[in-house]
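What you see is a predicted model; the values in this text were computed from it and never measured.
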Amino acid sequence: MASGEDDDPIIQEIDVYLAKSLAEKLYLFQYPVRPASMNYDDVTHLSAKIKPKQQKVELEMAIDTMSPNYCRSKGEQIALNVDGTASDDSNTYSMKMMDKQTFSSIQATTNTSRYAAAVFRKGELHLTPLQGILQMRPSFSYLDRADSKHREREAANEGGDSSQDEAEDDVKQITVRFSRPESEQARQRRIQSYEFLQKKQAEEPWVHLHYHGMKDGRSEHERQYLFCQSMGVAENTELVKTPREYLAMLMPPVAEEKIVKPVGPSNVLSMAQLRTLPLGEQVRTLMKNVKVMPFANLMGLLSSGTDSTAVLRCIQQVAMLVQGNWVVKSDVLYPKNSYSALSGVPAEVLCRGRDYVMWRFTQERSLLRKEVAAIIKLPPEDVKDFLEQMSVPRVNRGWEFLLPSDTEFVRKHPDVAQRQHMLWLGIQAKLEKVFNFSKEDMAKRQDAQTDVVQVSGEQRLKAARDLARENQAALQKDLEQRRQGGVKSAAVRVKEEPLSDAEEPMDTSVPNGSLNGYPDSSSPTDAPNGHSSHAPTQELLDFVGATFRKHFVLTLSEVKRLFNLHLASLPPGHCLFGGISDRLLQDTILLSHCRQILVPFPAQSSAAADEQKVFAVWETGETFDKHRQVLFEIFMKNYRVRRNVIQTRLSQELGDAVTKADIDRLLKECCMSNGGMWYLKGTVQS
């Protein structure tokens with residue numbers, strides 16, 4: 001041992017001091033994109049500023065524009081792009097050339113407790129802890145300003161010749177909304193969002209600083225604070241430790257590792273964590289997350305070998321049986337003294353409304369939301385939330401229960417099914433008192449619903465093809481008669497489409513509230529595809545005529561949407577509920593004094609096929625029809641036009657009698673304005 005120590009003798013002892021004068025003010029700047037031999041000590045620093053909480057620094061440094069390496073034309077071009085031609089005090093480059101650059105900082109590390117700046121003098125080492133380590137990199141924010149200027153100039157050029165009248169026509173309705181009570185989960189998500197963090201960072205004000213060079217007198221004065229001001233032992237207790245304390249600092253005791261649970265989204269359930277819970281909590285947690293589940297699926301999610309009898313006992317405490325499937329109880333989702341995150345309604349009221357929706361699904365397969373809302377009288381967002389938990393929307397059928405009826409479970413567990421039936425009878429009695437409806441009302445509703453039969457997709461397709469072949473001759477003859485009768489006009493091109501045996505009809509089946517949603521043989525349609533006749537009914541003609549007299553210009557997609565809304569307002573069993581194909585709807589439009597306007601959509605347009613089929617009223621018997629026809633002829637050659645083009649064309653065709661009021665009315669009825677240009681209604685893609 002002695003010989004080893006002699007081979008490695010101590011040649012010098014150095015006293016170490018801890019300087020604290022600049023402990024919370026000392027930053028280390030690094031310039032990773034600049035070689036160490038080319039520092040910025042001799043470069044003129046124009047300004048400096050800092051955000052202390054974020055440890056963000058910005059430095060502005062002058063660029064030597066007289067250097068032979070400086071490209072003057074590029075510098076002038078950059079200044080022109082950023083500031084434009086106007087001279088203003090707010091310009092980034094006052095000399096009309098890029099004569100400065102900005103450096104912005106990012107933190108090299110967030111933990112600087114292991115770093116310090118050291119100064120060695122007269123056998124003494126003085127350490128000052130670093131407050132932050134920042135990497136200074138060139139900032140290109142001036143490119144963002146140049147891009148913003150470019151967009152402003154483009155917008156000004158595009159809307160330069162739009163009149164004040166167009167600006168007045170662009171007035172949009174403003175909808176006032178009141179904020180809902182924010183839940184704790186929503187607040188946490190908002191606080192952790194990138195947008196919120198950016199906003200908080202922008203709120204901290206800049207602190208402007210004065211830069212002093214390396215050889216400046218103030219810099220020399222501040223450098224003295226890098227040395228410890230109090231050299232006594234009492235003031236440097238941080239570095240005076242006993243051997244035991246020093247050894248503990250070098251080799252701290254091993255602390256017990258804490259098991260950190262992985263943090264995931266609130267709606268994601270870890271199966272590994274789930275299986276560590278008691279069986280009752282496992283079932284409760286699964287049902288609270290899934291909300292509707294068959295018993296077989298529940299057993300599959302639990303550990304293998306779990307006793308099904310024990311699971312049945314647990315599931316009945318947290319869920320109710322609906323059509324053979326288990327739906328989580330309302331009081332599990334809405335505990336006592338809680339409130340709706342959507343509307344602020346108390347949990348007791350929410351439970352009554354949701355129990356009514358669950359009970360209705362024990363009676364029928366599909367529900368209409370407006371009927372449910374009329375009875376439970378809760379805000380629409382809560383009613384929709386109830387339905388989304390246990391059902392899915394079907395076109396013209398309302399909301400259908402999410403899962404098929406599980407008759408197998410009812411057959412295997414008749415005792416459980418009977419017990420649940422008795423519970424539902426008790427809930428029904430309470431609901432009748434609360435919502436003031438009787439069993440007789442529900443009995444009449446169920447008697448009015450038709451029985452159902454199951455029809456496979458292949459049977460429907462085969463029947464549709466057979467019917468199309470039978471009607472082919474009649475359809476061809478009817479088409480030729482309409483062509484000879486002048487359906488097509490020389491002034492307007494009507495787009496013809498070939499008939500297809502496999503044309504898909506619009507879904508306008510009756511929402512009968514039955515278990516599988518399909519009509520039986522007593523349905524008013526004559527064939528499974530719903531085509532009762534190839535000729536439009538008077539009711540359909542009246543609807544199309546009234547719709548176009550109100551809107552004047554509509555795409556096929558919008559006509560179908562309005563037609564479905566109209567169907568939803570009709571009572572079940574109405575004659576319009578027969579299947580209406582796209583072909584029949586288009587023929588009806590053409591028979592209602594309307595024409596198809598072949599708008600030349602741009603090649604890059606994202607509009608669907610139905611959105612590119614534009615129809616407009618051609619004749620109403622008014623003298624104003626001529627104005628509309630001239631407008632439609634313009635839009636058959638142009639996707640968008642300016643107001644002065646429309647005004648000039650109308651003056652050429654109709655003379656000087658065209659007034660400003662006529663043009664305003666025409667544009668209001670048939671067009672919409674966007675960016676100083678006018679489009680036919682429905683042709684602008686949002």
Side-chain angles (χ1 to χ4, degrees), residues 1-43 45 48 50 52-57 59 61 103 105-137 209-260:
M1 251 339 249
S3 61
E5 291 179 356
D6 294 339
D7 293 341
D8 190 15
I10 298 174
I11 60 175
Q12 185 178 5
E13 290 187 356
I14 300 174
D15 292 332
V16 180
Y17 295 91
L18 184 63
K20 302 180 183 178
S21 300
L22 300 178
E24 297 180 358
K25 303 175 184 177
L26 189 61
Y27 291 87
L28 174 64
F29 285 7
Q30 299 175 338
Y31 296 86
V33 297
R34 184 91 161 184
S37 59
M38 299 175 62
N39 55 52
Y40 291 98
D41 294 345
D42 298 328
V43 177
H45 288 63
I50 185 173
K53 293 181 180 179
Q54 302 175 38
Q55 295 191 5
K56 186 173 183 179
V57 176
L59 300 176
M61 300 186 190
F103 287 82
S105 69
I106 60 172
Q107 286 183 281
T109 179
T110 56
N111 182 15
T112 58
S113 61
R114 300 169 54 194
Y115 299 93
V119 181
F120 186 75
R121 183 184 66 175
K122 297 179 181 180
E124 298 171 349
L125 184 65
H126 296 260
L127 301 178
T128 302
L130 289 176
Q131 177 70 7
I133 302 176
L134 306 179
Q135 292 185 349
M136 307 299 297
R137 300 173 183 270
L209 309 172
H210 295 284
Y211 177 80
H212 298 274
M214 288 284 293
K215 300 177 181 179
D216 189 89
R218 179 63 184 271
S219 298
E220 291 288 347
H221 175 74
E222 292 292 332
R223 267 196 292 272
Q224 297 304 314
Y225 289 111
L226 293 174
F227 299 99
C228 182
Q229 305 299 311
S230 302
M231 308 293 288
V233 177
E235 287 79 8
N236 284 275
T237 56
E238 290 86 349
L239 298 181
V240 179
K241 303 291 182 183
T242 64
R244 185 178 297 276
E245 291 173 340
Y246 183 66
L247 185 61
M249 292 175 63
L250 289 178
M251 300 180 63
V254 180
E256 294 184 3
E257 295 185 1
K258 296 182 179 179
I259 300 176
V260 180

K.L.:
Which atom names give the shortest non-hydrogen contact between I14 and G123, and what distance separates them?
P.N.:
CG2-O, 3.5 Å
K.L.:
How many angstroms lie between atom CD of E222 and atom NZ of K25, to the nearest 0.5 angstrom?
P.N.:
7.5 Å
K.L.:
For G213 and S219, which heavy atoms make the closest approach, and how far apart are they?
P.N.:
O-OG, 2.6 Å
K.L.:
Between CG of D216 and CZ of R223, what distance do you get to the nearest 0.5 Å?
P.N.:
9.5 Å
K.L.:
Enter the distance from F227:CZ to L125:CG here, rounded to the nearest 0.5 Å.
P.N.:
10.5 Å
K.L.:
Give a yes or no on this: more than 12 heavy atoms of other residues, nucleotides or ligands lie within 6.0 Å of atom OH of Y246.
P.N.:
no
K.L.:
Drop me the distance from K20's NZ to L26's CG, to the nearest 0.5 angstrom.
P.N.:
15.5 Å
K.L.:
Could you walk me through whether V119 and T128 pass the side-chain contact (heavy atoms from CB on, under 4.5 Å) test, one step at a time?
P.N.:
CA-CA 9 Å; V119 181; T128 302; over 6 Å; no
K.L.:
Which heavy atom of F103 sits nearest to which heavy atom of M136, and what is that distance?
P.N.:
O-CE, 3.7 Å
K.L.:
Check the orientation of Y211 and H45. Use parallel for under 30°, tilted for 30 to 60°, and perpendicular for over 60°.
P.N.:
parallel
K.L.:
Which pair of heavy atoms, one from I50 and one from L209, lies closest together, and at what distance?
P.N.:
CG2-CD1, 3.7 Å
K.L.:
For the OH atom on Y225, are there more than 12 heavy atoms of other groups (residues, nucleotides or ligands in this structure) within a distance under 6.0 Å?
P.N.:
no
K.L.:
Please report the interatomic distance CD(Q224) to CG(L226), rounded to the nearest 0.5 Å.
P.N.:
8.5 Å
K.L.:
Only one of H126, R121, K122 clears side chain to side chain donor-acceptor pair (under 3.5 Å) with E124; which?
P.N.:
H126
K.L.:
Within a 6.0 Å radius of atom CD on E24, are there more than 12 heavy atoms belonging to other residues, nucleotides or ligands?
P.N.:
no
K.L.:
Go through the steps for Y115 and I133 under the test side-chain contact (heavy atoms from CB on, under 4.5 Å), then give the verdict.
P.N.:
CA-CA 9 Å; Y115 299 93; I133 302 176; 3.8 Å; yes
K.L.:
Minimum heavy-atom separation for Q54 and Q107, please, with both atom names.
P.N.:
O-OE1, 4.0 Å
K.L.:
Tell me if a side-chain donor or acceptor on Q55 pairs with a main-chain N or O of Q131 at a distance below 3.5 Å.
P.N.:
yes
K.L.:
Can you measure from CD (Q135) to OG1 (T109) and round to the nearest 0.5 angstrom?
P.N.:
10.0 Å
K.L.:
Using the side-chain contact (heavy atoms from CB on, under 4.5 Å) rule, take L59 and Y40 through it: C-alpha gap first, then chi angles, then the decisive distance, then the call.
P.N.:
CA-CA 11 Å; L59 300 176; Y40 291 98; over 6 Å; no
K.L.:
Locate the shortest heavy-atom distance separating A19 from P129; write the atom from each residue and the value.
P.N.:
O-CD, 3.6 Å
K.L.:
Please indicate whether D41 has more than 12 foreign heavy atoms, meaning atoms of other residues, nucleotides or ligands, lying under 6.0 Å from its CG.
P.N.:
yes
